[in-house]
**Q** 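So that we are looking at the same thing, I have put the structure below in structure tokens.
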Amino acid sequence: DFAQSYDLGPLYHSGPTGPGETVGIVTLAGLDPATPEYFWTNVLHIMTKPKRITSYNVDNGPGAPSEAAGSGESDLDVEQAGALAPQANVVIYAAPDTEGGYADAFFAAASQNLADTVSSSWGESETMLLSSAADDGVSPTYAQALDEAFLELAAQGQSTFIAAGDNGAYEAAADLGTANLSVGSPADSPLVTSVVPPTLVT
């Protein structure tokens with residue numbers, strides 16, 4: 001369905017399936033590599049490169065896989081990326097679900113310089129980020145730190161893709177329940193490609 005929505009048919013017909021490429025996934029919840037491998041083999045019935053997943057725990061990692069912590073999101077990210085590029089390597093940067101952990105995961109991806117593309121589906125609304133800075137002491141330079149990592153990735157030729165969220169210009173509805181205009185962060189960074197679900201494209 002994803003390949004059809006984004007018209008990837010012509011790309012597949014020309015041959016590219018990801019050999020020699022590495023897809024990087026930044027996530028904030030634990031992942032069992034056996035889960036996406038089972039999905040590719042037993043649900044999609046596609047041939048993938050064997051032993052293609054490498055995981056790195058950043059800042060001691062997010063802990064064991066847990067649905068409550070959001071491991072379903074980690075599974076989905078790896079399953080989708082790995083299915084669309086079945087012959088590519090997949091490297092996972094798993095960090096604690098904190099602002100510092102998230103930034104450090106991108107810095108790890110930049111420092112290693114292994115992945116040709118780096119993507120993440122995690123984020124929060126700009127309103128939530130401002131609220132956290134005021135209430136929880138989150139550093140006001142957090143967005144600047146992320147941009148520094150994104151700039152390093154871009155300078156090395158690593159493309160970065162961040163999910164914009166499911167609520168378009170009203171992303172605060174998801175994390176704060178408010179109706180003010182607010183897009184997702186860090187998808188709002190000018191140094192990344194912000195990716196929206198096909199259902200939001202008109």
Side-chain angles (χ1 to χ4, degrees), residues 18 21-37 39 49 51-82 84-85 88-126 128-129 132-133 136-165 175 184-195:
E21 301 292 316
T22 299
V23 176
I25 306 288
V26 169
T27 188
L28 301 176
L31 175 131
D32 180 356
T35 301
E37 289 171 354
F39 179 78
K49 180 179 178 179
K51 300 180 180 178
R52 62 196 299 225
I53 299 177
T54 304
S55 296
Y56 294 99
N57 279 334
V58 178
D59 297 346
N60 297 317
S66 162
E67 286 304 309
S71 289
E73 186 81 4
S74 300
D75 295 341
L76 177 63
D77 292 346
V78 176
E79 288 168 358
Q80 177 174 280
L84 291 169
N89 295 313
V90 179
V91 58
I92 301 164
Y93 298 96
D97 190 2
T98 64
E99 277 79 6
Y102 197 44
D104 286 347
F106 285 105
F107 277 111
S111 296
Q112 289 190 355
N113 196 11
L114 294 175
D116 300 282
T117 65
V118 177
S119 69
S120 181
S121 66
W122 297 76
E124 57 193 335
S125 68
E126 289 179 334
M128 181 71 168
L129 188 58
S132 297
D136 302 327
V138 175
S139 173
T141 61
Y142 169 61
Q144 295 173 354
L146 284 170
D147 278 348
E148 183 178 333
F150 298 150
L151 186 60
E152 184 177 351
L153 289 163
Q156 296 172 165
Q158 297 174 274
S159 301
T160 304
F161 301 89
I162 308 291
D175 49 26
S185 172
D188 58 349
S189 170
L191 299 170
V192 304
T193 299
S194 181
V195 183

**Q** What distance separates Met128 CE from Asp175 CG, expressed to the nearest 0.5 Å?
**A**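 So the gap between those two atoms works out to 5.0 Å.
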**Q** Go through it in stages, so that I can follow the logic: the residues are Phe106 and Ser120, the test is side-chain contact (heavy atoms from CB on, under 4.5 Å), and I'd like the CA-CA distance, side-chain angles, deciding distance and then a yes or no.
**A** CA-CA 10 Å; Phe106 285 105; Ser120 181; 3.9 Å; yes
**Q** Minimum heavy-atom separation for Ala187 and Ala164, please, with both atom names.
**A**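 Where Ala187 meets Ala164 most closely, the heavy atoms are CB-CA, 3.8 Å.
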**Q** For side-chain contact (heavy atoms from CB on, under 4.5 Å), just list the numbers for Gln144 and Thr141, CA-CA rounded to whole Å, side-chain angles, deciding distance to a tenth of an Å, and then say yes or no.
**A** CA-CA 5 Å; Gln144 295 173 354; Thr141 61; 3.6 Å; yes
**Q** Taking Ser71 for the side chain and Glu67 for the main chain, is one N or O donor matched with an acceptor at less than 3.5 Å?
**A**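 No; zero donor-acceptor contacts below 3.5 Å.
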**Q** What residue among Lys49, Arg52, Lys51 forms side-chain hydrogen bond (donor to acceptor under 3.5 Å, both in side chains) with Asn89?
**A**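 Between Asn89 and the candidates, side-chain hydrogen bond (donor to acceptor under 3.5 Å, both in side chains) is satisfied uniquely by Lys49.
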**Q** How close do Pro96 and Leu28 get, counting heavy atoms only, and between which atoms?
**A**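 Answer, listing the atom of Pro96 first, then Leu28: O-CD2, 3.3 Å.
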**Q** Got a second to check how far Tyr93's OH is from Ser111's OG, nearest 0.5 Å?
**A**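 One finds 9.0 Å between OH of Tyr93 and OG of Ser111.
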**Q** Rounded to the nearest 0.5 Å, how far apart are CG of Leu129 and CD of Glu99?
**A**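 Answer rounded to 0.5 Å: 6.5 Å.
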**Q** Would you please test Ile162 and Ser194 for side-chain contact (heavy atoms from CB on, under 4.5 Å) and show each step?
**A** CA-CA 5 Å; Ile162 308 291; Ser194 181; 6.0 Å; no
**Q** Is it the case that the side chains of Ser185 and Tyr142 hold a donor-acceptor pair, with the cut-off being a distance below 3.5 Å and no angle test?
**A**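 No, no side-chain donor-acceptor pair sits under 3.5 Å.
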**Q** Sorted by first residue and then second, give each side-chain hydrogen bond (donor to acceptor under 3.5 Å, both in side chains) pair with at least one member in residues 21-37; sequence neighbours left out.
**A**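 Listed once each, the pairs are Thr27-Ser74, Thr27-Trp122.
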**Q** Of all the heavy-atom pairs spanning Val90 and Ile25, show the shortest one and how long it is.
**A**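 Nearest heavy atoms, Val90 then Ile25: CG1-CG1, 4.3 Å.
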**Q** Please report the closest heavy-atom contact between Tyr102 and Gly123, naming both atoms and the distance.
**A**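 So the minimum-distance heavy-atom pair works out to OH-N, 4.5 Å.
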**Q** If you compare all heavy atoms of Ala105 against all heavy atoms of Val26, which two are closest, and at what distance to 0.1 Å?
**A**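 Result for this residue pair: CB-CG1, 3.6 Å.
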**Q** By side chain to side chain contact (heavy atoms under 4.5 Å, CB included), which residues pair with Ala110, not counting sequence neighbours?
**A**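 Result, side chain to side chain contact (heavy atoms under 4.5 Å, CB included) vs Ala110: Glu152, Leu153, Gln156.
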**Q** Are Val192 and Phe161 close enough that some pair of their side-chain heavy atoms sits under 4.5 Å apart?
**A**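 A side-chain contact is absent here, since even the closest heavy-atom pair is not under 4.5 Å.
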**Q** Determine the minimum heavy-atom distance between Gln158 and Ala115, stating which atoms define it.
**A**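 Answer, listing the atom of Gln158 first, then Ala115: NE2-O, 2.9 Å.
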**Q** In residues 53-65, what donor-acceptor pairs under 3.5 Å come from side-chain atoms, sequence neighbours left out?
**A**
none

**Q** Any chance you could lay out the side-chain contact (heavy atoms from CB on, under 4.5 Å) test for Leu31 and Val78, step after step, and finish with the verdict?
**A** CA-CA 9 Å; Leu31 175 131; Val78 176; 3.7 Å; yes
